[in-house]
Number of protein chains: 2
Amino acid sequence: MSQTVDRALSILPLLAQGPADLGQVADRLGVHKSTALRLLRTLHEHGLVYRQEDQRYRLGARLFALAQEAVENLDVREIAHPHLVALNERIGHTVHLAVHEEGEVLYIDKVESRYPVRMYSRIGKPVAITVAAVAKLLLADLPEAERRAVAEKLDYPTYTSRSTPNAAAFLTELATVREQGWATDLGGHEESINCIGAPIHGADGRVVAAMSVSAPNVVVTAEELLTLLPQVRRTAEAISREYSGTAPNTPSAQGSSDDR
Amino acid sequence: MSQTVDRALSILPLLAQGPADLGQVADRLGVHKSTALRLLRTLHEHGLVYRQEDQRYRLGARLFALAQEAVENLDVREIAHPHLVALNERIGHTVHLAVHEEGEVLYIDKVESRYPVRMYSRIGKPVAITVAAVAKLLLADLPEAERRAVAEKLDYPTYTSRSTPNAAAFLTELATVREQGWATDLGGHEESINCIGAPIHGADGRVVAAMSVSAPNVVVTAEELLTLLPQVRRTAEAISREYSGTAPNTPSAQGSSDDR
DNA sequence: AATGGGTGTTGCAGATGTTGCAACGCCGTC
DNA sequence: GACGGCGTTGCAACATCTGCAACACCCATT
């Protein structure tokens, strides 16, 4: 809508791929060098872009700070985190939390081997939307029309032989997930990794986030992983209750949570 | 420099403080509502801003994705290399760069007496994790629980009489390193070789790499080597600044590195 | 030393894009 | 049912942005 801003913002994803010099930026933006220079300068003044010693441009520190604040302001994450940690301590495997935003599904928290991480590993990264358990959960909650529209627009990469092959299969899978209230990814993204996931509901019943537990084949088989499903679902429900305010909101005594 | 972009970018820190509606944004920007609307729309299209259910605006999830992608594409070695060369040219001794990965500490760069070396000597090889200065620096940054777990699992080979003897001694050493912000290896790996090292920090404060300077006893004594510590630390700090994108606010002529 | 190609930078006139206004549609409240 | 608040749209006036061309600078080359 605003050409200047549009151009300026287009520089960011471009620089995310790696440092670039003025000429490269101008070229890939399709504008004159002087124009690119002014845009970069403005971005620089706001700290979103950093100029390294070889004069090339990179994303700057303020962007990281903003990203940090943005994630911290997501209150689902804040509420869910202790539950995720508790679950992780019991079952040991990696636990993820994800949300759906603007056509993407992003991991916003991760607990791995009793090692809570910020801005690390996959947090912030879009997930493989056609196969991930959390993605299925989040998309399954969309109104049917939108669900179909989204499914049609997606690509269906064949990560493994068990990846979702096409829109029809995906919609069928979503219907299943919607009905049963949980989801799996059994080797659909990486051959040797299985996931099980459950949805987190808001006060109005809509799915606001999804969580999953992942483990490699060599540690537990898919069947064994599925035996953990009740625990995962109970955790998701506990988070839902607290998030939607239906919970005994005892702000202290968090030990009373029933996500055992 | 560019008014439109400047205004648009000013919205981001504003929203970082919490969600705001159109009127608030317009007011705090000092522009007309319609102007603010257009800017917000542009930010929205780029995913930097998200519109929540009550129509208020928040920071968007793409911010993470960007920050995430940027850190992944950041190459410490590339950034550090010129600094290491500069330091080497001043002090002459061998300079190493190392990272922590999958339970190992690996040298990823080395500069030896005006001999910029890649794929040579120990680059890529695991270091003696219980004694090397860089290993101490990298392990000292781990959360306490993991630090202890790692220390318990290691072997403590007696390379020399001054090698770290056991887990308890190692943890004590790590605590010291953590506190003082630098590390040494005085004859712990090879009787006649001393090292001093300093950590390189990322934008989130965590230690992403470590560098060290090594010299044989016959060239400089341990005491003499320690006099170089300030230079080493300054170099590490300069690399940290550049790596984390902490821009000198002076838009122009910030001279250059202060790792002198 | 001098030349040349490669950068990034500046000033400027033209015109494109942006601005603020005023009016409209919408929704909840009084 | 009218009011007030809020977001949205179309438009004309204007300020801002654009691309050009020339310049400054650094480095490698001759």
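So you know, we letter chains A, B, ... as the sequences are listed, proteins then strands, and number each from 1. No hydrogens, no waters, no symmetry mates; every other heavy atom, side chains included, goes into these values.
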Within the pair A/Gln55 and C/dG8, is there a side-chain N or O less than 4.0 Å away from OP1 or OP2?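 False: A/Gln55 side-chain N/O out of range (4.0 Å or more) of C/dG8 OP1/OP2.
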Is the phosphate of D/dG19, meaning OP1 or OP2, less than 4.0 Å from a side-chain N or O of A/Ser34?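 It does not, given that no N or O in the side chain of A/Ser34 lies less than 4.0 Å from OP1 or OP2 of D/dG19.
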Hey, which sits more toward the 5' end of DNA chain C by its nearest nucleotide, A/Leu22 or A/Ser2? A/Leu22
For A/His32 and for A/Thr4, find the nucleotide of DNA chain C with the closest heavy atom, then tell me which residue's nucleotide is more 5'.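 That would be A/His32.
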So A/Arg56, base contact, sugar-phosphate only, or nothing? Heavy-atom distance under 4.0 Å.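 The answer is nothing, as A/Arg56 stays clear of every strand by at least 4.0 Å.
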What's the [atom1]-[atom2] distance between [X] and [N], to the nearest Å?
X: A/Leu29; N: D/dC17; atom1: CG; atom2: P; result: 15 Å
X: B/Arg7; N: D/dC17; atom1: CZ; atom2: C1'; result: 13 Å
X: A/Leu39; N: C/dG17; atom1: CG; atom2: C1'; result: 13 Å
X: A/Arg38; N: C/dT10; atom1: CZ; atom2: P; result: 11 Å
X: A/Met1; N: D/dG7; atom1: CE; atom2: P; result: 17 Å
X: A/Arg51; N: C/dG8; atom1: CZ; atom2: P; result: 7 Å
X: A/Lys33; N: D/dA21; atom1: NZ; atom2: C1'; result: 11 Å
X: A/Asp54; N: D/dC27; atom1: CG; atom2: P; result: 13 Å

When you check the gap from the basic side-chain N to the acidic O, do [X] and [Y] get nearer than 4.0 Å?
X: B/Asp204; Y: B/Arg206; answer: no
X: A/Glu144; Y: A/Arg148; answer: yes
X: B/Arg62; Y: A/Glu101; answer: no

Which nucleotide in C/dG20, C/dT9, D/dG7 has an atom nearest any side-chain atom of B/Asp21: D/dG7
The side chain of B/Arg41 lies closest to which of these nucleotides: D/dT9, C/dT9, D/dT18? D/dT9
Assess, by modelled atom type and distance only, whether the side chains of B/Arg58 and B/Tyr50 contain a donor and an acceptor separated by less than 3.5 Å.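 No, no side-chain donor-acceptor contact under 3.5 Å.
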OG (B/Ser214) and CG (B/Leu225) are apart, to the nearest 0.5 Å, by 8.0 Å
